[in-house]
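First up is the structure itself, then whatever we jot down about it.
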Amino acid sequence: MKIVFATNNEHKLSEIRAILGDAFEVVSLADIGCHEDIPETGQTLEENALMKAEYIYNKYHLSCFADDTGLEVEALNGAPGVYSARYASMEDLSNQNTQSSPISHDSEANMARLLRELANNNNRKARFRTVIALIEKKDVCPCGCTSIKVVHKFEGIVNGEITREKSGAEGFGYDPIFRPDGYDKTFAELGADIKNQISHRARAVAKLAEFLEKVKK
């Protein structure tokens, strides 16, 4: 079964393909010739995931799914949340009070800001949350000339804590400073095999895979 994953992020693609296995052929945006920057202007993870999936469905008329992930830190009232990937850039814009600075996804800068804001705060509780929006194309007539779209959403959460310094070289994003509950290592130390079994994305994708298996039958 072929399905479009609305991303060109190689880290996400490899994770998703590893989790879903050979039962599904997951193709990227590049694979379908899409190289545009898809808007992510929603105020929630759910809005962003659906926005990306709808953009691809409306333009290419293919079944597709998109995800959005946020790191939610208790002591920061859930921040960085929906702004996780561009957390440091948002601080730069606020400090300069201008919209002229480019929005970048700088993981090192994001981690530095988060550690700086937590400083010596002993409440390090945090969670990663992933929301997946799947748009399923359903043919209404046998010839396929008419179809409807059906939207499904899946969520995955992993609880843990923010460490006081970076540790580990694998993974991406905030992995070097996030230690999941029940483990004494960060995601970046645990490695892809373990992370793909317990992560927020793994849990959301497991629900997606369960649904797709039912659709195939």
Side-chain angles (χ1 to χ4, degrees), residues 3-13 15-16 19 26-30 32 34-74 76-107 109-111 113-114 117 126-137 148-159 172-175 178 199-208 211-212:
I3 189 167
V4 179
F5 181 20
T7 188
N8 278 323
N9 184 310
E10 289 299 326
H11 292 294
K12 285 187 177 183
L13 279 168
E15 276 192 4
I16 292 287
I19 295 167
V26 180
V27 298
S28 68
L29 293 179
I32 62 171
C34 179
H35 301 283
E36 304 101 287
D37 285 330
I38 301 176
E40 295 181 56
T41 56
Q43 298 301 303
T44 66
L45 301 178
E46 289 81 1
E47 288 177 4
N48 275 345
L50 184 57
M51 188 178 298
K52 289 184 284 186
E54 286 189 327
Y55 182 94
I56 297 305
Y57 182 87
N58 291 337
K59 184 169 183 177
Y60 296 93
H61 310 293
L62 298 169
S63 291
C64 61
F65 69 93
D67 81 315
D68 201 21
T69 293
L71 175 64
E72 300 171 342
V73 180
E74 185 174 278
L76 301 179
N77 298 315
V82 72
Y83 302 110
S84 294
R86 50 195 189 277
Y87 198 41
S89 288
M90 301 305 292
E91 181 182 39
D92 291 340
L93 288 174
S94 177
N95 289 341
Q96 296 172 20
N97 193 29
T98 177
Q99 297 298 314
S100 61
S101 298
I103 298 295
S104 65
H105 294 188
D106 186 334
S107 295
N110 290 338
M111 285 188 286
R113 178 185 178 185
L114 182 58
E117 290 186 339
R127 69 177 188 174
F128 268 120
R129 188 165 68 94
T130 289
V131 175
I132 292 176
L134 165 70
I135 296 183
E136 179 189 8
K137 180 181 178 182
I148 60 173
K149 70 175 184 180
V150 182
V151 177
H152 310 274
K153 292 182 182 178
F154 311 92
E155 181 185 66
I157 294 173
V158 60
N159 294 305
F172 61 100
Y174 294 91
D175 285 357
F178 182 83
S199 76
H200 44 295
R201 186 170 290 110
R203 292 171 180 177
V205 173
K207 295 175 183 177
L208 169 67
F211 174 81
L212 292 177

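Side-chain atoms are counted along with the backbone in the values below, which use heavy atoms only and exclude waters and symmetry mates. Only a predicted model underlies this, so the values are computations on that prediction, with no experimental measurement involved.
- The shortest heavy-atom contact between Val82 and Gln43 is CG1-O, 3.9 Å.
- Among all heavy-atom pairs drawn from Ala53 and Cys64, the shortest one is O-SG, 3.2 Å.
- A salt bridge does not link Glu74 with Arg127: every distance from a Lys NZ or Arg NE/NH1/NH2 to an Asp or Glu carboxylate oxygen is 4.0 Å or more.
- Between the side chain of Glu15 and the main chain of His11, no donor-acceptor pair closer than 3.5 Å is present.
- For the atom pair CZ of Phe5 and CG of Asp67, the computed distance is 4.0 Å after rounding to the nearest 0.5 Å.
- Remark: the backbone N or O of Ala88 is paired with a side-chain donor or acceptor of Asn110 at under 3.5 angstrom.
- Within the 3.5 Å criterion, the main-chain N or O of Gly156 finds no donor-acceptor partner in the side chain of Thr130.
- Annotation: side chain to side chain contact (heavy atoms under 4.5 Å, CB included) contacts of Glu40 (sequence neighbours excluded): Asn48, Lys52, Asp68.
- Distance NE2/His61 to NZ/Lys149: 11.0 Å, rounded to 0.5 Å.
- Using a 4.0 Å cut-off between charged side-chain N and carboxylate O, Lys207 and Glu155 make no salt bridge.
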Discussion item. Let's go through Glu54 and Lys59 carefully: what are the C-alpha distance in whole Å and the side-chain angles of both, what is the deciding distance for salt bridge (charged side-chain N to carboxylate O under 4.0 Å, His left out) to 0.1 Å, and is it a yes or a no?
Written reply: CA-CA 8 Å; Glu54 286 189 327; Lys59 184 169 183 177; over 6 Å; no
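- Qualifying side chain to side chain contact (heavy atoms under 4.5 Å, CB included) partners for His152, counting only residues two or more places apart in sequence or in other chains: Leu134, Glu136, Val150, Phe154, Phe211.
- Atom OG of residue Ser199 and atom CZ of residue Phe178 lie 10.0 Å apart, to the nearest 0.5 angstrom.
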Discussion item. Go through it in stages, so that I can follow the logic: the residues are Arg201 and Phe128, the test is side chain to side chain contact (heavy atoms under 4.5 Å, CB included), and I'd like the CA-CA distance, side-chain angles, deciding distance and then a yes or no.
Written reply: CA-CA 9 Å; Arg201 186 170 290 110; Phe128 268 120; over 6 Å; no
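- Leu114 places a side-chain heavy atom less than 4.5 Å from the side chain of Leu76.
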Discussion item. Applying side chain to side chain contact (heavy atoms under 4.5 Å, CB included) to Ile38 and Met51, what does each step give before you reach the verdict?
Written reply: CA-CA 8 Å; Ile38 301 176; Met51 188 178 298; 5.6 Å; no
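- Taking OH from Tyr83 and OG from Ser89, the interatomic distance works out to 13.0 Å, rounded to the nearest 0.5 Å.
- Of all heavy-atom pairs between Asn8 and Cys34, the closest is ND2-O, 3.6 Å.
- Between the OH atom in Tyr60 and the CG atom in Leu62 there is a gap of 9.0 Å [rounded to 0.5 Å].
- With a 6.0 Å radius and a threshold of 12 heavy atoms from other residues, nucleotides or ligands, Asn58 has its CG atom above the threshold.
- By the 4.5 Å heavy-atom criterion applied to side chains, Ile3 and Val27 are not counted as neighbours.
- Looking at Ser84, its side chain does come within 3.5 Å of a backbone N or O of Leu71 through a donor-acceptor pair.
- With hydrogens and angles disregarded, no donor-acceptor distance shorter than 3.5 Å links the side chain of Lys153 to the backbone of Val131.
- A pairwise comparison of heavy atoms in Lys137 and Ser63 identifies N-OG, 3.0 Å as the closest pair.
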Practice prompt. Go through Thr69 and Arg129 one step at a time and tell me if the side chain to side chain donor-acceptor pair (under 3.5 Å) criterion holds.
Written response: CA-CA 6 Å; Thr69 293; Arg129 188 165 68 94; over 6 Å; no
Discussion item. Show, in sequence, the C-alpha distance, side-chain angles and deciding distance for Leu29 and His35, and conclude whether the side chain to side chain contact (heavy atoms under 4.5 Å, CB included) test is met.
Written reply: CA-CA 7 Å; Leu29 293 179; His35 301 283; over 6 Å; no
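- Val73 is listed as a side-chain neighbour of Pro80, based on a closest heavy-atom distance under 4.5 Å.
- Rounding to the nearest 0.5 Å gives a distance of 5.5 Å between CZ of Phe65 and CG of Leu208.
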